[in-house]
A.B. asks: 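What follows is a structure written as structure tokens; I'll ask about it next.
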Amino acid sequence: MKRFEGRRALVTGAGSGIGRAAVHRILAEGGTVVAADVAEDGLAATHRQAEADGTADRLTTVVVDISDETSVRDGVGGAIAGLGGLDVLVNAAGILRSAHTERTTLEFWNRMLAVNLTGTFLVTREALPALLATGRGVVVNFSSTSASFAHPYMAAYAATKGGIQSFTHAIAAEYAKQGLRAVSVAPGSIASGMTADPGLPEDADTSWFVKLRPALGQGFAGPETVAGVIAMLASDDGAFVTGTEIRIDGGTHA
Ligand SMILES: NC(=O)c1ccc[n+]([C@@H]2O[C@H](COP(=O)([O-])OP(=O)(O)OC[C@H]3O[C@@H](n4cnc5c(N)ncnc54)[C@H](O)[C@@H]3O)[C@@H](O)[C@H]2O)c1
């Protein structure tokens with residue numbers, strides 16, 4: 001399948017996990033991609049994999065801190081200029097931190113919001129003019145199963161993901177007449193950098209997490225399982241999908 005031939009995509013969080021898998025999926029399907037991340041070493045590893053796959057001629061990387069307005073303006077603006085426009089934005093960058101809510105500092109809370117929610121807003125705002133100019137732009141945002149199903153000790157994280165879902169519904173309606181589609185994916189139980197160590201408090205009551213097991217398979221799935229859904233949503237196969245979220249959790253919350 002070559003659903004992204006002639007299409008230009010920007011993927012944040014592209015130095016690890018699901019963002020990286022989305023980069024390689026879009027490249028494999030013929031797209032041209034700018035991979036953005038705050039982690040330079042992660043981007044280098046993403047690039048090395050593209051070299052091994054023979055797709056690196058359609059990949060460039062850029063270091064961007066999505067929580068920093070100037071970094072987004074320079075990095076995302078430069079990426080779109082280099083691509084000569086933008087058809088697909090995948091906002092995968094994010095952080096997960098856990099804490100007892102009564103011990104959550106304002107600094108911790110604000111950092112979660114700054115990266116996950118404000119970062120998604122800043123990148124989307126910077127990309128919107130180019131996405132609208134194509135008349136068929138697509139934004140894929142990253143919610144989480146935690147937005148709709150309880151994840152104790154992750155109240156700040158969950159709140160950012162609920163905010164991203166709401167943000168996505170609003171822009172889907174606001175720009176639908178200009179051909180833009182905006183959807184969220186809500187992954188759960190995907191092996192990645194952040195799920196390798198969710199940083200639960202040492203005295204966390206982990207009995208709750210026994211419920212958070214996929215019904216399918218033998219445990220966590222790989223990030224490519226989410227990348228395949230992103231590719232469907234961002235391609236013409238998702239042409240009638242907007243203003244909604246797709247849960248990808250192996251039936252954990254079935
Ligand atoms: N893995 C899961 O089960 C799961 C579940 C629900 C939601 N998600 C969401 O999926 C998305 C991808 O996460 P992942 O699971 O691949 O984790 P990951 O930790 O492997 O990847 C996250 C990437 O975001 C980057 N990043 C962090 N802060 C950044 C910043 N300020 N600017 C730019 N880049 C930044 C990191 O460097 C990293 O490369 C996240 O939004 C996450 O919240 C994942």
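Sequential numbering from 1 along the given sequence is applied to the chain's residues. What you see below is based on every heavy atom in this structure, not just the backbone, and it leaves out hydrogens, waters and symmetry mates. As the structure lists them, so they are numbered: ligands from 1, and atoms in each ligand from 1.
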A.B. asks: Would you please say whether a donor-acceptor pair under 3.5 Å links the side chains of R7 and T134?
C.D. replies: no
A.B. asks: Under 3.5 Å, is there a donor-acceptor pair linking the side chains of N116 and T160?
C.D. replies: yes
A.B. asks: At less than 4.0 angstrom from any non-hydrogen atom of T195, what atoms of ligand 1 do you find?
C.D. replies: 1 (N), 2 (C), 3 (O)
A.B. asks: Just checking Q178: does its CD atom have more than 12 heavy atoms from other residues, nucleotides or ligands closer to it than 6.0 angstrom?
C.D. replies: yes
A.B. asks: In ligand 1, which numbered atoms sit nearer than 4.0 Å to a non-hydrogen atom of S143?
C.D. replies: 7 (C)
A.B. asks: Would you mind checking if R25 and E29 are paired as a salt bridge, meaning a charged N to carboxylate O distance below 4.0 Å?
C.D. replies: yes
A.B. asks: Of all the heavy atoms in V115, does at least one lie under 4.0 Å from an atom in ligand 1?
C.D. replies: yes
A.B. asks: With respect to I190, determine whether any N or O atom, backbone or side chain, lies less than 3.5 Å from an N or O atom of ligand 1.
C.D. replies: yes
A.B. asks: Going by atom types only, do R20 and T46 share a side-chain donor-acceptor pair under 3.5 Å?
C.D. replies: yes
A.B. asks: S98 and P198: which non-hydrogen atoms are nearest, and at how many Å?
C.D. replies: OG-O, 2.6 Å
A.B. asks: So is T145 polar-close to ligand 1, meaning N/O to N/O under 3.5 Å?
C.D. replies: no
A.B. asks: Starting from atom 44 (C) of ligand 1, find the nearest protein heavy-atom neighbour and note its residue, name and distance.
C.D. replies: I18 CD1, 3.9 Å
A.B. asks: Run the numbers for me: atoms of ligand 1, each under 4.0 Å from some heavy atom of V64, listed by number.
C.D. replies: 32 (N), 33 (C)
A.B. asks: Would the distance check show the side chain of T195 and the main-chain N or O of I190 forming a donor-acceptor pair, the cut-off being under 3.5 Å?
C.D. replies: yes
A.B. asks: State yes or no: do V139 and V229 share one hydrophobic cluster built from I, L, V, M, F, W and Y residues joined by side-chain heavy-atom distances below 4.5 Å, directly or via other members?
C.D. replies: no
A.B. asks: Check A239 against R181 and note the closest heavy-atom contact, atom names and distance.
C.D. replies: O-CD, 3.3 Å
A.B. asks: How far is atom 20 (O) of ligand 1 from the closest protein heavy atom, and which atom is that?
C.D. replies: S16 OG, 2.6 Å
A.B. asks: Only heavy atoms of V38, strictly under 4.0 Å: list the atoms of ligand 1 that pass.
C.D. replies: 29 (C), 30 (C), 32 (N), 33 (C), 34 (N), 35 (C), 37 (O)
A.B. asks: Looking only at heavy atoms of S189, does any of them come nearer than 4.0 Å to an atom of ligand 1?
C.D. replies: yes
A.B. asks: Is D203 salt-bridged to R103, cutoff N-O under 4.0 Å?
C.D. replies: yes
A.B. asks: N/O to N/O below 3.5 Å, does that happen between A92 and ligand 1?
C.D. replies: yes
A.B. asks: When you compare ligand 1 with G19, is there at least one nitrogen or oxygen pair between them that comes in under 3.5 angstrom?
C.D. replies: no
A.B. asks: Which of the atoms of ligand 1 are close to D65, meaning less than 4.0 Å from one of its heavy atoms?
C.D. replies: 30 (C), 31 (N), 32 (N)
A.B. asks: Report the part of A191 in contact with ligand 1, treating N, CA, C, O as backbone and CB onward as side chain, heavy atoms under 4.0 Å; options are side chain, backbone, both, neither.
C.D. replies: neither
A.B. asks: Backbone, side chain, both or neither: what part of Y157 comes under 4.0 angstrom of ligand 1, heavy atoms only?
C.D. replies: side chain
A.B. asks: Return yes or no for this condition: an N or O of N91 is under 3.5 Å from an N or O of ligand 1.
C.D. replies: no
A.B. asks: Could you tell me if Q165 and S143 have a donor-acceptor pair between their side chains, going purely by distance under 3.5 Å?
C.D. replies: yes
A.B. asks: How close does the nearest protein non-hydrogen atom get to atom 4 (C) of ligand 1, and which residue and atom is it?
C.D. replies: P187 CB, 4.0 Å
A.B. asks: I'd like to know if the side chain of T124 pairs up with that of N91 as donor and acceptor (distance under 3.5 Å, no hydrogens or angles considered).
C.D. replies: yes
A.B. asks: If we only count N/O pairs under 3.5 Å, is S144 in contact with ligand 1?
C.D. replies: no
A.B. asks: Please report whether ligand 1 has a polar contact with R111, defined as an N or O pair separated by less than 3.5 Å (distance criterion only).
C.D. replies: no
A.B. asks: Considering distance alone, does some N or O of I66 sit under 3.5 Å from an N or O of ligand 1?
C.D. replies: yes
A.B. asks: Can you find a side-chain donor-acceptor pair between S207 and D205 that sits under 3.5 Å?
C.D. replies: yes
A.B. asks: Near I95, which atoms of ligand 1 are under 4.0 Å from a heavy atom of that residue?
C.D. replies: 27 (C), 28 (N)
A.B. asks: Where is the tightest heavy-atom contact between T104 and H100, given as atom of each residue plus distance?
C.D. replies: OG1-O, 3.0 Å
A.B. asks: Is it true that E224 and H24 share a donor-acceptor pair across their side chains at a distance under 3.5 Å?
C.D. replies: no
A.B. asks: Is there a donor in the side chain of D249 and an acceptor in the side chain of T145, or the other way round, less than 3.5 Å apart?
C.D. replies: no
A.B. asks: Return the residue, atom name and 0.1 Å-rounded distance of the protein heavy atom closest to atom 38 (C) of ligand 1.
C.D. replies: D37 OD2, 3.5 Å
A.B. asks: Specify the protein heavy atom at minimum distance from atom 15 (O) of ligand 1: its residue, its atom name, and the distance to 0.1 Å.
C.D. replies: S192 OG, 2.6 Å
A.B. asks: Among all protein non-hydrogen atoms, which one is nearest to atom 10 (O) of ligand 1, and what is the separation to 0.1 Å?
C.D. replies: F142 CD2, 3.0 Å
A.B. asks: Can you list the atoms of ligand 1 that are under 4.0 Å from a heavy atom of M194?
C.D. replies: 13 (O), 15 (O), 17 (O), 18 (P), 19 (O), 20 (O), 40 (C), 42 (C), 43 (O)
A.B. asks: Please say whether more than 12 non-hydrogen atoms of neighbouring residues, nucleotides or ligands are located less than 6.0 Å from CD in E102.
C.D. replies: yes
A.B. asks: So is there a nitrogen or oxygen of A14 less than 3.5 Å from a nitrogen or oxygen in ligand 1?
C.D. replies: no
A.B. asks: For atom 22 (C) of ligand 1, which protein heavy atom lies nearest, and how many Å away is it?
C.D. replies: G94 O, 3.7 Å
A.B. asks: For ligand 1, which is the ligand I care about here, please tell me if K161 has any N or O atom under 3.5 Å from one of the ligand's N or O atoms.
C.D. replies: yes
A.B. asks: Give the numbers and elements of all ligand 1 atoms closer than 4.0 Å to a heavy atom of G17.
C.D. replies: 16 (O), 20 (O)
